[in-house]
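Predicted model, so just to flag it, every value in this text is computed and none were measured. Reckoned from all heavy atoms, side chains included, excluding hydrogens, waters and symmetry mates.
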Amino acid sequence: MEPKRGPGAREKRKRAVVDYAAFDEGLGTEKPSTLSRWVPTLASVECLPAEAFVERMADGRGFDEAWARRTGLRRPALIADAAGLGLAVPSGSFGVRDVARIVGERTPVQVMRSQDQSSVENWSLADWARYWHAPVREDTLNVISLEFSRTPLAAHVRSPALVRRLDWIDNCFPDAYRARGEYPQTQYYCLMSTGGCYTDFHVDFGGTAVWYHVFRGSKVFYAAHSPYERWICDADQDSTWFPDVAAAGGPCACARVEVRAGETFFIPSGWIHAVHTPADSLVFGGNFLPGLCTADLQLAVHDIEARTHVKQEYRFPFFVPCMFWGVKHRGSRAGAHSKSG
């Protein structure tokens, strides 16, 4: 969903003219504002309705293995009510201060400045909670990489049942590795975004699929199936609006999907999307590998990451071992079914 880590991880890419290494350290000032430039464009771009790509469900009962088989897990889904989804989240009064209290106020947190996508250094969750509840904020900041699966907050959140049934991280990665923490810790993220935040078009790392529950606030996704690699390799990418590249002389096949509080959004492997936050939002979500049905997409994204020299720190952790164990597990199951038949 949203870079750098968690739902939407991607690297700040190398480009031809500007010294982005310096800029990423907060040293450059020549880069036009991502926030001021693209958010007005989002309001004016002609998008397809969400229904063009997204399957709407009244509740979670339809988000099951039968639906997964019918769609091949290649169609986004927007679930209006969590009933029947198997999802667990905290009570309605839960907020940012509670995140800091449960995870630990001294816990370091990566904060991103939405204006230029640069990092704000040396923040703790206590700092973030103070900023969030301040009467006046001097900047538009975003936290999108707080992975909490090995913290006490994990006891308060559970991913949708279909996700847990399909995820190779849960079902295939050996327990011995998991006990040592040597497995992809990408399944549970808490995203805390102030109103006005924006993250640019990206594909989630390793071609992972994403579940995304808006607990408070709202998010607007702009989703497309388009030539992402051509744009990511473009030296002029920073001044190029992705839907213009996607249109390639024709109408842009980009859908606008608004996700409101209480709704859950499923983004399949390989879908390109940008995210705008209209109002302060608290979101729970996670990245997962949903099995052989989309393994071709995961491998394709992995190949793009290799060919475009994405740094390892921005790529899906333990990708190759996870694919290996997943295929081995699937093969073992197939062999067992064959013998029993």
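Between R178 atom CZ and R150 atom CZ the span is 9.0 Å, to the nearest 0.5 Å. With rounding to the nearest 0.5 Å, the separation of CH2 in W168 from CZ in F324 is 11.5 Å. For the atom pair CD1 of I304 and CG of L299, the computed distance is 11.5 Å after rounding to the nearest 0.5 Å. The CE atom of M112 sits 13.0 Å away from atom OG1 of T140, with the distance rounded to the nearest 0.5 Å. Remark: Y131 OH to E138 CD distance equals 10.0 Å, nearest 0.5 Å. Distance check, rounded to the nearest 0.5 Å: OG of S193 to OH of Y198 gives 13.5 Å.
Residues V109 and D127 are not in side-chain contact: their nearest non-hydrogen atoms beyond the backbone lie 4.5 Å or more apart. Side-chain contact check for Q187 versus D167: some heavy-atom pair is nearer than 4.5 Å. Under the 4.5 Å side-chain criterion, counting only non-hydrogen atoms from C-beta, W132 is in contact with T194. Contact check for V89 versus H156: no side-chain heavy atoms found under the 4.5 Å cut-off. Annotation: side chain of Q117 is in contact with side chain of T199 (closest heavy-atom distance under 4.5 Å). In this structure, the side chains of F201 and Y222 come closer than 4.5 Å at one or more pairs of heavy atoms. Inter-residue side-chain proximity for L289 and F316 is flagged as met; some heavy-atom pair is nearer than 4.5 Å. Taking the side chain as every heavy atom from C-beta outward, F205 and T186 approach each other to under 4.5 Å.
Aromatic ring orientation, F266 versus F288: tilted (interplanar angle from 30° to 60°). Between F148 and Y188, the angle of the ring planes lies from 30° to 60°, which puts this pair in the tilted group.
Atom CZ of R106 is surrounded by 12 or fewer heavy atoms from other residues, nucleotides or ligands within 6.0 Å. Atom CZ of R74 has more than 12 heavy atoms from other residues, nucleotides or ligands within 6.0 Å.
Ion pairing of D64 with R70 is absent here, as no side-chain N (NZ or NE/NH1/NH2) approaches a carboxylate O to less than 4.0 Å. Ion pairing of E258 with R260 is present here, as a side-chain N (NZ or NE/NH1/NH2) and a carboxylate O approach within less than 4.0 Å. Between R137 and D280, at least one side-chain nitrogen of the basic residue sits less than 4.0 Å from a carboxylate oxygen of the acidic one, meeting the salt-bridge criterion.
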Do M192 and L282 pass the side chain to side chain contact (heavy atoms under 4.5 Å, CB included) test, and can you show the C-alpha distance, the side-chain angles, and the key distance before you say yes or no?
CA-CA 5 Å; M192 297 168 281; L282 176 61; 3.5 Å; yes
Apply side chain to side chain contact (heavy atoms under 4.5 Å, CB included) to the pair V275 and H273, showing each step before the final yes or no.
CA-CA 7 Å; V275 189; H273 53 282; 4.2 Å; yes
Apply side chain to side chain contact (heavy atoms under 4.5 Å, CB included) to the pair L141 and W123, showing each step before the final yes or no.
CA-CA 12 Å; L141 303 180; W123 276 49; 3.6 Å; yes
Is there a salt bridge (Lys or Arg N to Asp or Glu O under 4.0 Å) between D139 and R113 once you walk through the steps?
CA-CA 7 Å; D139 214 340; R113 181 178 288 109; 2.6 Å; yes
Please assess F318 against Y183 for the test ring pair (Phe, Tyr, Trp, His ring centres under 6.0 Å), listing each intermediate value before the final yes or no.
CA-CA 6 Å; F318 301 99; Y183 69 99; 7.8 Å; no
Apply side chain to side chain contact (heavy atoms under 4.5 Å, CB included) to residues F215 and L191 and explain how you reach the verdict.
CA-CA 10 Å; F215 182 77; L191 297 85; over 6 Å; no
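Checking E55 against W67 by side-chain atom types alone, a donor-acceptor pair falls below 3.5 Å. Between the side chains of K219 and T277, at least one donor-acceptor pair of N or O atoms lies under 3.5 Å. Using modelled atom types and a 3.5 Å distance limit, the side chains of S145 and E147 yield no donor-acceptor pair. Checking Y177 against D175 by side-chain atom types alone, no donor-acceptor pair falls below 3.5 Å. Side-chain atoms of S269 and Q298 include a donor-acceptor pair closer than 3.5 Å.
S114 and C197 get closest at one heavy-atom pair: OG-CA, 3.3 Å. The heavy-atom pair separating D98 from S93 by the smallest distance is OD2-O, 3.8 Å. Contact between C293 and L73 at its shortest, heavy atoms only, is SG-CD1, 3.6 Å. Contact record, C190 with V99: SG-CG2, 3.9 Å, taken as the closest heavy-atom pair. Taking both residues in full, the closest heavy atoms of L125 and G104 are given as CD1-O, 3.6 Å, listed atom of the first, atom of the second, then distance. The minimum heavy-atom distance linking P160 with L87 is given by the pair CD-CD1, 4.0 Å.
Looking only at distances, no side-chain donor or acceptor of S119 sits under 3.5 Å from a matching main-chain atom of E121. S281 contributes a side-chain N or O that, together with a main-chain N or O of A279, makes up a donor-acceptor pair within less than 3.5 Å. The backbone N or O of F94 sits less than 3.5 Å from a side-chain atom of R216, completing a donor-acceptor pair. Counting only distance, with no hydrogens or angles, the side chain of R97 and the backbone of A129 share no donor-acceptor pair below 3.5 Å.
H213 and F284 have their aromatic ring centers separated by at least 6.0 angstrom.
Each of I272 and L297 belongs to its own hydrophobic cluster when Ile, Leu, Val, Met, Phe, Trp and Tyr are linked at side-chain heavy-atom distances under 4.5 angstrom.
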